[in-house]
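To start, the structure under review is shown below, and the notes come after it.
Please read all numbers here as calculations on a predicted model, not as lab measurements.
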Amino acid sequence: MKLRSVLTALALVLGALLAPGVGVLGGATVAQAATKISHSTATSMFRGSGITWSSSGGCSDRNNATCTSFEQLNLATAQGAQTLRSASGCALNITGGTEAGHASGTYSHWNGYKLDFGKSTCLGNYIKNTFGYIGLRGDGAPQWKSGAGNVYADEGSHWDVTFLTCGGC
């Protein structure tokens, strides 16, 4: 391993450990540090980046599982989608946001960390050729992880993406 690679890795680890409000030594978790945005702010951001969204119910009610809502989405998640759009050059269509009906957990849709994207050849090729394969999720979905730490799970009909960061925005 080259010295530069070792130093870069060390700098990244130390940065993660010492970052205020984020790192292990900061006392706060990523979940506690998240900035929430409204549905209208998210749609404005997505529209400005050429990202589309759709809803099987044609609605945006956060409490209705057939809607696609961005209410209480993390800012870093919206920015991560924008980064994915610009980096991949692929058309993106969001099919799932913060609405009810998804699995629970700290890094869940409801808590603003996840978005679902419709499948396309462009997006699938970008994810599989750019990010590292990390194995199967507990439910059997194959996963890839970006250098920024975001996780892309192929759920068959769509990509389930967990945005822990904005991906270099």
Side-chain angles (χ1 to χ4, degrees), residues 29-31 33-169:
T29 67
V30 175
T35 299
K36 303 294 184 178
I37 60 174
S38 68
H39 181 82
S40 63
T41 297
T43 58
S44 177
M45 291 174 69
F46 296 148
R47 195 174 290 114
S49 295
I51 298 170
T52 60
W53 58 95
S54 57
S55 163
S56 61
C59 49
S60 61
D61 180 353
R62 179 168 160 80
N63 296 302
N64 183 337
T66 65
C67 298
T68 297
S69 174
F70 305 123
E71 195 62 41
Q72 295 296 304
L73 188 69
N74 294 338
L75 175 60
T77 301
Q79 291 170 327
Q82 291 178 306
T83 300
L84 178 61
R85 168 73 174 103
S86 63
S88 69
C90 299
L92 297 181
N93 183 59
I94 301 170
T95 59
T98 61
E99 66 279 350
H102 298 280
S104 62
T106 301
Y107 300 104
S108 64
H109 282 272
W110 184 262
N111 288 336
Y113 287 91
K114 289 186 167 207
L115 290 172
D116 289 339
F117 294 93
K119 285 242 181 133
S120 71
T121 300
C122 180
L123 183 57
N125 287 342
Y126 177 78
I127 291 168
K128 293 174 184 179
N129 294 325
T130 306
F131 305 136
Y133 179 73
I134 58 170
L136 300 178
R137 199 167 61 182
D139 62 0
Q143 303 177 101
W144 288 260
K145 190 172 189 177
S146 74
N150 300 326
V151 177
Y152 297 75
D154 183 348
E155 292 192 345
S157 62
H158 63 273
W159 287 98
D160 176 80
V161 183
T162 306
F163 290 100
L164 298 177
T165 71
C166 67
C169 60

Using salt bridge (charged side-chain N to carboxylate O under 4.0 Å, His left out) as the criterion, list what pairs up with Arg47, not counting sequence neighbours. none
Go through the structure and list residues passing salt bridge (charged side-chain N to carboxylate O under 4.0 Å, His left out) with Lys119, not counting sequence neighbours. Asp154
Using atom types as modelled and distance alone, determine if a side-chain donor or acceptor of Thr162 lies under 3.5 Å from a backbone N or O of Tyr113. no
For the residue pair [X] and [Y], establish whether any side-chain heavy-atom pair is separated by less than 4.5 Å.
| X | Y | result |
| --- | --- | --- |
| Phe70 | Ile37 | no |
| Leu92 | Leu84 | yes |
| Leu123 | Trp159 | yes |
| Asp116 | Val161 | no |

So, using side chain to side chain donor-acceptor pair (under 3.5 Å) as the criterion, who are the partners of [X] when residues are at least two apart?
| X | value |
| --- | --- |
| Ser49 | Gln82 |
| Arg62 | Thr98 |
| Ser40 | Ser38 |
| Ser54 | Asn93 |

Could you pull out all residues at least two apart from His158 that satisfy ring-ring contact (aromatic ring centres under 6.0 Å, His included)? none
[atom1]-[atom2] distance between [X] and [Y], expressed to the nearest 0.5 angstrom:
| X | Y | atom1 | atom2 | value |
| --- | --- | --- | --- | --- |
| Asn125 | Ser120 | CG | OG | 8.5 Å |
| Leu73 | Lys114 | CG | NZ | 13.5 Å |
| Ile94 | Ser69 | CD1 | OG | 11.5 Å |

Do Phe117 and Thr95 pass the side chain to side chain contact (heavy atoms under 4.5 Å, CB included) test, and can you show the C-alpha distance, the side-chain angles, and the key distance before you say yes or no? CA-CA 6 Å; Phe117 294 93; Thr95 59; 6.0 Å; no
Looking at Tyr107 versus Phe163, is the centre-to-centre ring distance below 6.0 Å? no
Can you name the residues that form a side chain to side chain contact (heavy atoms under 4.5 Å, CB included) with Ser108, not counting sequence neighbours? Trp110, Asn111
Closest heavy-atom pair and its distance - [X], [Y]:
| X | Y | value |
| --- | --- | --- |
| Met45 | Ala78 | CE-CB, 3.7 Å |
| Tyr126 | Thr130 | O-OG1, 2.7 Å |
| Ala81 | Phe46 | CB-CE2, 3.8 Å |
| Ala148 | Gly167 | CB-CA, 3.7 Å |
| Ser55 | Cys67 | OG-CA, 3.3 Å |
| Gly101 | Ala65 | CA-CB, 4.0 Å |

Where at least one partner belongs to residues 87-140, residue pairs that pass disulfide (SG to SG under 2.5 Å), sequence neighbours excluded: Cys90-Cys122
Of all pairs that satisfy disulfide (SG to SG under 2.5 Å), the ones with a partner from residues 140-169, not counting sequence neighbours: Cys166-Cys169
Does any pair with a residue in residues 70-81 pass side chain to side chain donor-acceptor pair (under 3.5 Å), and if so which ones, sequence neighbours excluded? Lys36-Asn74
Residue pairs passing the side chain to side chain donor-acceptor pair (under 3.5 Å) test where at least one lies in residues 140-152, sequence neighbours excluded: none
Apply side chain to side chain contact (heavy atoms under 4.5 Å, CB included) to Thr68 and Glu99, showing your working. CA-CA 6 Å; Thr68 297; Glu99 66 279 350; 4.3 Å; yes
Checking side chain to side chain contact (heavy atoms under 4.5 Å, CB included) for the pair Asn64/Cys59: CA distance, chi angles, key distance, verdict? CA-CA 8 Å; Asn64 183 337; Cys59 49; 4.3 Å; yes
We want to know whether His109 and Asp160 form a side-chain donor-acceptor pair, criterion being a heavy-atom distance below 3.5 angstrom. yes
Working note: Phe131 + Val151, criterion side chain to side chain contact (heavy atoms under 4.5 Å, CB included); need CA distance, chi angles, decisive distance, verdict. CA-CA 9 Å; Phe131 305 136; Val151 177; over 6 Å; no
